[in-house]
J.: 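Before we start, here is the structure in question, set down as structure tokens.
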Amino acid sequence: MSEHGTRRSSRRRLLCAAGTLAAVATAGCSGLVSDSPARTAGEEPQYLLTVRLEDPNGDPVSEASVSVADAEGVIQRAEAKVPSRDGVVSFDLENGDYIIRTESQEYSNVEEPVSIDGEDVEVTITLERGFA
């Protein structure tokens, strides 16, 4: 066999091996879905806490700030969030016990406990007009 034929045969085998390796590496992976949140090694999984603020009529309240503190009273992520027009705000949190705090100039302030235990949580808080 000539040098040209040997090179072509080697290239063909290399391409065939690469294609086989790619097929083996992805076999059984299509459609694989995980319900657990993405994380890197050593990180605790995080879950979505969704807080919906409404008035006594069930209308959304967006004129408030919402923060989440841990059981010791330390505010998570060192920030308060303002709900969207539909009265919804979300936080990514690890498993644990927390206190949702709302503050507003138009509505009473509220503190409500919540526990995150391996799944996303939705909480609806009704705010009364007036000051706390």
Side-chain angles (χ1 to χ4, degrees):
M1 187 178 267
S2 71
E3 183 182 325
H4 186 305
T6 304
R7 238 184 297 153
R8 183 180 300 156
S9 176
S10 295
R11 190 176 317 141
R12 206 174 284 151
R13 273 185 263 153
L14 181 61
L15 289 174
C16 183
T20 302
L21 181 60
V24 169
T26 60
C29 293
S30 64
L32 181 65
V33 177
S34 172
D35 288 335
S36 60
R39 63 178 188 241
T40 58
E43 266 187 38
E44 289 291 321
Q46 294 196 333
Y47 301 94
L48 189 64
L49 169 62
T50 302
V51 180
R52 180 177 313 277
L53 301 181
E54 60 183 36
D55 66 16
N57 297 323
D59 295 323
V61 171
S62 59
E63 303 86 18
S65 66
V66 181
S67 60
V68 178
D70 64 17
E72 286 80 42
V74 176
I75 295 177
Q76 300 297 300
R77 308 282 184 266
E79 65 182 68
K81 295 184 178 182
V82 176
S84 60
R85 298 181 110 204
D86 60 357
V88 175
V89 64
S90 299
F91 298 87
D92 292 315
L93 299 170
E94 297 173 357
N95 286 329
D97 295 322
Y98 298 93
I99 299 168
I100 302 167
R101 292 182 177 156
T102 67
E103 295 182 12
S104 173
Q105 293 182 357
E106 296 182 40
Y107 294 89
S108 59
N109 298 338
V110 174
E111 289 190 357
E112 177 144 340
V114 64
S115 292
I116 306 294
D117 188 17
E119 61 186 23
D120 296 344
V121 175
E122 291 186 26
V123 175
T124 299
I125 298 176
T126 301
L127 300 177
E128 300 287 337
R129 277 236 183 244
F131 302 99

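What's counted below: heavy atoms across the whole structure, side chains too, no hydrogens, waters or symmetry copies. Start at 1 with the first residue, then count along the sequence.
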J.: Could you check whether any side-chain N or O of N57 sits under 3.5 Å from a backbone N or O of D59, counting only pairs where one atom can act as donor and the other as acceptor?
T.: no

J.: How long is the span from the OG atom in S90 to the CG atom in L49, to the nearest 0.5 Å?
T.: 7.5 Å

J.: Is there a path from V121 to V89 through hydrophobic residues (I, L, V, M, F, W, Y) whose side chains come within less than 4.5 Å of each other?
T.: yes

J.: With rounding to the nearest 0.5 angstrom, report the CZ to CG distance, R52 to D86.
T.: 6.0 Å

J.: Heavy-atom count check: over 12 atoms from other residues, nucleotides or ligands less than 6.0 Å from D117 CG?
T.: no

J.: Without swapping roles, check the side chain of D120 against the backbone of Y47 for a donor-acceptor pair under 3.5 Å.
T.: no

J.: Please report the closest heavy-atom contact between S84 and S62, naming both atoms and the distance.
T.: O-CB, 3.3 Å

J.: Begin with the C-alpha distance, continue with both residues' side-chain angles, and end with the deciding distance and a verdict on side chain to side chain contact (heavy atoms under 4.5 Å, CB included) for L48 and D92.
T.: CA-CA 5 Å; L48 189 64; D92 292 315; 3.5 Å; yes

J.: Tell me, with the steps shown, if L93 and Y98 meet side chain to side chain contact (heavy atoms under 4.5 Å, CB included).
T.: CA-CA 9 Å; L93 299 170; Y98 298 93; 4.0 Å; yes

J.: Show the numbers, then the answer: is there a side chain to side chain contact (heavy atoms under 4.5 Å, CB included) between T102 and Y107?
T.: CA-CA 9 Å; T102 67; Y107 294 89; over 6 Å; no

J.: Please find the pair of heavy atoms, one from N109 and one from S104, that lie closest to each other, and give the distance.
T.: OD1-N, 3.0 Å

J.: For the residue pair V66 and F91, establish whether any side-chain heavy-atom pair is separated by less than 4.5 Å.
T.: yes

J.: If Ile, Leu, Val, Met, Phe, Trp and Tyr residues are connected whenever their side-chain heavy atoms lie under 4.5 Å apart, and connections chain through other members, are V88 and V68 in the same group?
T.: no

J.: Under a 3.5 Å distance rule, please check whether K81 uses its side chain to pair with a backbone N or O of S67 as donor and acceptor.
T.: no

J.: When hydrophobic residues are tied together by side-chain contacts of less than 4.5 Å, even through go-betweens, does V110 share a cluster with V123?
T.: yes

J.: Would E63 and Q105 satisfy side chain to side chain contact (heavy atoms under 4.5 Å, CB included), going step by step from the backbone distance to the final call?
T.: CA-CA 8 Å; E63 303 86 18; Q105 293 182 357; over 6 Å; no

J.: Work out which heavy atom in G87 is nearest to a heavy atom in P83; give both atom names and the distance.
T.: C-CB, 3.6 Å

J.: Can you check whether D97's main-chain N or O pairs, donor with acceptor, with D70's side chain at less than 3.5 Å?
T.: no

J.: Measuring from S65:OG to E103:CD, what's the distance to the nearest 0.5 Å?
T.: 5.0 Å

J.: Please answer whether the main-chain N or O of D55 pairs with a side-chain N or O of T126 as donor and acceptor at a distance below 3.5 Å.
T.: no

J.: With the side chain counted from C-beta on, respond yes when P60 and E54 share a heavy-atom pair under 4.5 Å apart, and no when they do not.
T.: no

J.: A side-chain contact here means heavy atoms from C-beta on lying under 4.5 Å apart; do I100 and E111 qualify?
T.: no

J.: Say you draw a straight line from CG of N95 to CD of E44; how long is it, rounded to the nearest 0.5 Å?
T.: 7.0 Å

